[in-house]
Amino acid sequence: MNLLPFGKLPAHRPRKFVPEKIDLGDWPQIEPLFGLLENRAPQIKSAGELEKWLLDWSELNAALDEESSRRYIAMTCHTDNADAEKAYLYFVEHVEPQIKPRQFALEQIYVAHPQFSHLAKARYQVFNRDVKNHVELFRPENVALETEDAKLSQQYQKLIGAQTVSFRGEEKTLVQMGRYLEEPDRALRQEAWELVAKRRLQDADKCEEIFDQLIQLRTRIAKNAGFENYRDYAHRQKCRFDYTPDDCLKFHDSIESEIMPAVREIQNERKRQLKLEKLRPWDLAVDPQNRAPLKPFVQVGEMVSRTQKIFNHLDVELAANFRQMQDLKLLDLDNRKGKAPGGYQSTLSEARVPFIFMNAIGLQRDVETILHEAGHAFHAQATRDEDLYAYRGAPIEFCEVASMSMELLGNEFLEEFYPVAEANRARKTHLEGIIGFFPWMATVDAFQHWIYTHVGHTRAERKAAYLKLMDRFGGDVDYSSYEEMRAHSWHRQLHIFIHPFYYVEYGIAQLGALQVWANSRRDKAKALNDYKKSLALGGSRPLPELFAAAGCKFQFDAATIKPLIQLANSELKKL
Ligand SMILES: [Zn+2]
């Protein structure tokens, strides 16, 4: 039984190294391929041979990656199929742990190879920099500490996952409670918000305890690798060669000076429209005019055909790309029983085609998601002819430019879904969401900068540092009589616990997307051309060059942000 929505997809390039007949879920069959690469390396006598070796390694990586993706897609499309789950878990538990140390061994062989420095500098600059970094940061004594870190992260997830409340006689998860914050009935919103906030506060001490241990562990990991603090280590570990922690601090400052006035203005308008004296934390998600949610489509087929029309307006090539995804059945978008929640874009790395998974139910959020994921898919399609596996993917700071730009560019044609007034309402919500994201991003990032550069701080000092950030970036929301909830509101941000320092990327990318959008306002054809050219570079160039190719500056200072916020503001006034 074929559990995948798409049929047999041929490899984009015929295999040269990986045998045609091989079970890529069976380690004993995979292992000899790593052995071959390891044994061949010492015989390599020229840069050309080393390149050939890299391409064979790339082919193996792509084949393994596709195997893992296929199993993941099958499982998420059929959560009720025990075989699909078993096949995926088998790969994760029995194949991946075997692959990891062998990949690392190849990386070590590669960077120490006599021909390493003879490869063409410009072509291999990024790849070599990243592989070298990975090898240099490795410390055997950190392996156990990282396992410990993962266990603590799991404890946090278990703690948060178990949180439920009893609401009107029914047990509900905190995620399920989110929708009551959109209810026009204010008393009901307050009741729901309070219940959730109180439930979270019950676990505050446990969260703090887990976090204290995480800080200690992470500081030890950083010191072992020769870094003064975990912040500097994390930046290096994430291969952030093109911006520094100081640049991030400046980014926070520019958000405070350039974006906070717009945030306050949006909050003020909301307060006026809701006819309130003060905005309370339960007044932030409801439609300020108490309108019913937008209904862009009923059937998923309508969503796809209208999205296709948007791309037809936008660009011939992108339109053909989206059409191809439909023809090859690379979309599984409807919400149905037996499907995992959420949405994602995945790439079948050997066929070099993208796949989009969603659970569309007829909300404006679904339209945003399909545009976003299509942006990621276009990125994958743009890099098809790149043979170095690592270069078919870009850093997150730029991947999200591809997707977030497509939300903004696609939104120009929302009339495919709505009458003008409703299209404008959707655009307004979207733009306000973009503006509102920056301060929270800055809070999450700045807080972690403070934490890991003030090791040995007390919980009271940590609380004070967080409250200072809430004052800077929280805007005009009245938390009186809920001060403790405000002081611990970071406990719900899983990135802080599980993916330290992973968040600023979205702020950086959003600046890129806003610039692509601003460019398209001046010259649509050029902006789209630049966008497509930059996507085709994949991960082959450093971030400033990827941004430059897209027609954007890789800067997060006030001078870059100011005109973007001005454009968003003037646009908002028209909507
Ligand atoms: Zn994305």
Side-chain angles (χ1 to χ4, degrees), residues 65 68-69 72-73 76 238-240 303-304 307 310-311 314 318 321-322 325 330-333 340-349 352-360 363-383 390-411 426 429-438 440-441 444-445 493-495 498-499 501-517 520 528 531-532 534-539 543 546-547 549-550 552 554 556:
D65 186 359
S68 154
S69 298
Y72 184 73
I73 293 167
T76 51
K238 295 183 180 309
C239 294
R240 294 180 181 171
M303 177 180 85
V304 175
T307 304
I310 289 181
F311 294 136
L314 215 50
L318 298 181
N321 284 351
F322 191 67
M325 293 191 73
L330 295 166
L331 305 168
D332 189 332
L333 307 178
Y344 63 82
Q345 184 270 324
S346 168
T347 300
L348 299 162
S349 291
R352 303 191 194 175
V353 292
F355 171 76
I356 299 177
F357 176 95
M358 266 178 70
N359 278 283
L363 299 175
Q364 168 54 22
R365 201 181 48 230
D366 299 326
V367 178
E368 280 172 25
T369 305
I370 186 72
L371 291 172
H372 181 99
E373 302 303 344
H376 285 309
F378 295 150
H379 208 175
Q381 286 164 321
T383 60
Y391 282 173
R392 290 203 292 278
I396 300 157
E397 291 90 339
F398 195 70
C399 285
E400 294 299 322
V401 175
S403 54
M404 290 170 167
S405 300
M406 207 29 75
E407 291 178 38
L408 284 159
L409 297 176
N411 269 3
T429 309
H430 184 245
L431 275 180
E432 289 181 351
I434 290 176
I435 293 172
F437 172 72
F438 283 106
W440 179 242
M441 183 286 289
V444 171
D445 195 50
Q493 188 66 45
L494 97 161
H495 294 74
I498 296 176
H499 306 294
F501 287 99
Y502 170 38
Y503 214 52
V504 70
E505 290 91 336
Y506 290 90
I508 294 173
Q510 195 61 263
L511 285 187
L514 285 169
Q515 290 180 79
V516 170
W517 181 56
S520 86
L528 260 165
Y531 169 83
K532 287 194 292 180
S534 69
L535 261 50
L537 292 173
L543 280 169
L546 296 177
F547 271 66
C552 309
F554 187 70
F556 344 127

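When a ligand or atom number is given, it counts from 1 through the structure's own listing order. All residue numbers refer to positions in the sequence shown, counting from 1.
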The Zn ion (ligand 1) to nearest N/O/S of C399 below 2.8 Å: no

Pairing of E505 and R240 as salt bridge, 4.0 angstrom limit: yes

F378-Y531 aromatic ring centre distance below 6.0 Å: no

Output field: ring centroids F437/Y503 closer than 6.0 Å: yes

Opening angle at the Zn ion (ligand 1) [NE2, H372; NE2, H376; to 10 degrees]: 100°

Heavy-atom side-chain contact between E407 and W517 under 4.5 Å: no

Metal proximity, E400 vs the Zn ion (ligand 1), N/O/S cut-off 2.8 Å: yes

